[in-house]
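First the proteins, then the strands, lettered A, B, ... as listed; each starts at 1.
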2 protein chains.
Amino acid sequence: MDQRVKKKATIYDLSVLSGSSPSTVSAVLNGTWRKRRIKESTAQTILGLAELHQYTTNLQARGLRRSRSGLVGLMLPVHDNRYFSSMAQTFEGHVRSRGQCPVVVSASRDPEEERRTAETLISYSIDQLFIVGATDPDGVHEVCELAGLRHINIDLPGAKAHSVISDNYQGARMLTEAIIRHFGNDDPLRPDELFLFGGRNDHASRERIAAFHATKKALLGADPDDGVQSSGYSPDITLRAFEAFYQCRGKLPRALFINSSINMEGLLRFMAGRPAEMFSELVVGCYDYDPFGSFLPFPVIMVRQNVEAMITKAFELIDEPPTAPQTFLIAPELVQPRSALKGPLDTLKDTD
Amino acid sequence: MDQRVKKKATIYDLSVLSGSSPSTVSAVLNGTWRKRRIKESTAQTILGLAELHQYTTNLQARGLRRSRSGLVGLMLPVHDNRYFSSMAQTFEGHVRSRGQCPVVVSASRDPEEERRTAETLISYSIDQLFIVGATDPDGVHEVCELAGLRHINIDLPGAKAHSVISDNYQGARMLTEAIIRHFGNDDPLRPDELFLFGGRNDHASRERIAAFHATKKALLGADPDDGVQSSGYSPDITLRAFEAFYQCRGKLPRALFINSSINMEGLLRFMAGRPAEMFSELVVGCYDYDPFGSFLPFPVIMVRQNVEAMITKAFELIDEPPTAPQTFLIAPELVQPRSALKGPLDTLKDTD
DNA sequence: TTCGCTTGCACAATCGATGGTGCAAAAACT
DNA sequence: AGTTTTTGCACCATCGATTGTGCAAGCGAA
């Protein structure tokens, strides 16, 4: 009597089996049956049959009819990075707890790809879109707007939709200050010994660089204007920046402000193959937190962005009625060297 | 004349505008129009209108009709881990290049959640499902089988569908050997100085533990049977295992085989707050690769699983006609301490 | 008995795209 | 001119669920 690879049961199958009409079956199965004054006993019969035949709703059909899908999208620049992957992890938890289905995709920081990706998701009638670290948030906005899709920017702000971002200026200020203070008074850091590597021409980098300059000036009294080496968000370009620097000056600075963990990987590549002692005096500040990064052989002061708070705030905003686009700053946290913080995985149980 | 937040254009709208029938419009827009002998000029007219009105296919409708969606699923245990996130990154590349839409979700290593997640994805008529590191692959298989969904296991094998996994035994053998050889002959490692931490009762852990035992015995001549401390895939449980060990023996072993980068985070937590010197003599082997992990203050030998090869193989297999379930081993790679390898992100361009 | 109200459900249109089938007009051939 | 073939497209059922509407049966009141 069992189905082998038989087609899945539909409300029409259950309709025949139960003797009720498809609409009644539908109402029973989607929970609106009380409102439709379906008899309790009828409902029970149908629910029993549904169970028996392993009925599951065809969500494409429902989505088509309702013109929303129950899918909630998260668009990341990339997956393979602890900042963004913790974003995904946190996001999933929130979406799941709302009974919807998370869909996480990446768009490679490519404006064109970002728009295409948004369009694809829209074609599936996703209900909401969380846009993380987009290179062109406003381009994505256009696409969403046209489709009437609720959306919100995270990590990098746009001008046309609400944004929830890290307080980059404060974070970078704290970080720069912590780097400088790390050198105490015996052998204080000189202005020309602290350099910033990484970042590109986006809002986050600009803020961080501004704070870096301001803090250097405030604490060290001066700020040579060659202190910043942009190198995009690419380990290899960052590597080349370090190599160029080293080539040119014969040594690395005593202290580094590194714009993101991705850029930090460029430093790793620079370290690879070179003697460890070369880096024994180095002090690094990194705008991003990576647990392994925190335990490198030299002091690494990190900034952890408050992903949980950002996602929470984003969910609040996205449900709200639309008002003039605003940007909300979430305070990040300074992380001392050799710290292993809890992350989103810690809420998962692992019983063995 | 432009639409504001007007509904999206459909083939019916274009049908009216072009004077052709909906089926003709459909054929033109989905590319089957030559097969249907639609005149070139008709096609051009419709394509022009589509462009003008920003037509995009409603993929839910198409999916409903075709009973497949163009979505390809990847089910991970968790996002927030470099191994799995690089899996996601690689997967996305492959799916995109096939013109489909990747959907990445995590299921928290919970068998129940795994099945529910698969069921949800099936309800959206996904075309294929890649099941990574499932706790209960065969449970997921049942669900897929019933729905006639092509699927494949990755990382952890199942008995009922093809599996592509890392060659855990060989990898762990290489790793154990590398750990032991790291100690040269002056002050060689003794059997009771090498311990394995982490893992649970899954295929990967069992293989690794078996290889660990065998290699210890082969190279060190003996293998005390208390050398393995399972602690699931949880940083905190692993932390407690280290604490218990330390409590009990007053020190850490000279050498550690750590079952995964997640367990390695347990070691980080143990390190936090304790003096760095405590670990200066430590040698660690970790079955997983994390670029930052590779540069810790003590030698960390790592194993990088060949994600690219695994995903490639999985795509080959999933398209093949079904045969008796087989498990394919992919050789991992030993990574010497202080190595910063290229990853999936390196194929992305970042011009700034 | 009749009117009116509630209960319980069926009917049918609809969401947007697809693809098998059929048929008129144009073209090719005899 | 008459017949066959080809061309070009329209028609319509269909995928599975949702939802506004309508209506018969049951029941109480008048």
Which part of the nucleic acid, if any, lies within contact of B/T42, taking any heavy atom under 4.0 Å across all strands shown: a base, the sugar-phosphate backbone alone, or nothing? sugar-phosphate
Give the rounded distance in Å between these two atoms: NZ of B/K39 and P of C/dA26. 10 Å
Out of D/dT19, D/dA17, D/dG16, which has the shortest distance to the side chain of A/L64? D/dG16
Test for a donor-acceptor pair under 3.5 Å between the base of C/dG19 and the side chain of B/R36, counting only N and O atoms. yes
Nearest-angstrom distance from the residue atom CG of A/D13 to C1' of D/dC15: 13 Å
Should the ring pair B/F315 and B/F130 be called parallel, tilted or perpendicular, given that the plane angle runs from 0 to 90° and is split at 30 and 60? tilted
A/N30 vs D/dT18: side-chain N/O to OP1/OP2 distance below 4.0 Å: yes
Check ion pair A/D202-A/R109 (N to O, under 4.0 angstrom): no
For B/H141 and B/H151, does a side-chain donor sit closer than 3.5 Å to a side-chain acceptor? yes
Could you tell me whether the phosphate oxygens of D/dA17, OP1 or OP2, come under 4.0 Å of any side-chain nitrogen or oxygen in A/Y55? yes
Between B/S108 and B/D110, is there a side-chain donor-acceptor contact under 3.5 Å, judged purely by atom types and distance? no
Which whole-number value in Å describes the distance from A/I46 CD1 to D/dA17 C1'? 14 Å
Mind calculating the distance between CZ (A/R34) and P (C/dC9) to the nearest angstrom? 13 Å
Short side-chain N/O contact to D/dT18 OP1/OP2 from A/S26, under 4.0 Å: yes
Checking all strands, does A/T10 fall into the base, sugar-phosphate, or nothing category for heavy-atom contacts under 4.0 angstrom? sugar-phosphate
Can you measure B/K8 atom NZ to C/dA17 atom P for me and round it to whole angstrom units? 10 Å
For the side chain of B/R37, starting at C-beta, report the closest nucleotide among C/dC15, D/dG8, C/dA17. D/dG8
For A/N58 and for B/I38, locate the closest nucleotide of DNA chain D by heavy-atom distance; then report the residue assigned to the nucleotide nearer the 5' terminus. B/I38
C/dG16 base / A/R65 side chain donor-acceptor hit below 3.5 Å: no
Test: A/D319 and A/R98 ion pair at under 4.0 Å: yes
Does the side chain of A/T312 pick up a donor-acceptor pair with the side chain of A/E308 at under 3.5 Å? yes
Could you please name the option among D/dC12, C/dA10, C/dA17 that lies closest to any side-chain atom of B/S23? D/dC12
Can you say whether a donor on the side chain of B/R66 sits under 3.5 Å from an acceptor on the base of C/dG19, or the other way round? no
Side-chain N or O of A/S21 less than 4.0 angstrom from OP1 or OP2 on C/dA10? yes
Nearest-Å distance, CD (A/Q60) to P (D/dT18)? 14 Å
Report yes if a donor N or O on one partner sits less than 3.5 Å from an acceptor N or O on the other, where the partners are the side chain of B/T24 and the base of D/dC9; otherwise report no. no
Can you check the B/I11 CD1 to D/dC9 C1' distance for me, whole Å? 14 Å
In whole angstrom, what separates B/E40's CD from D/dT7's P? 15 Å
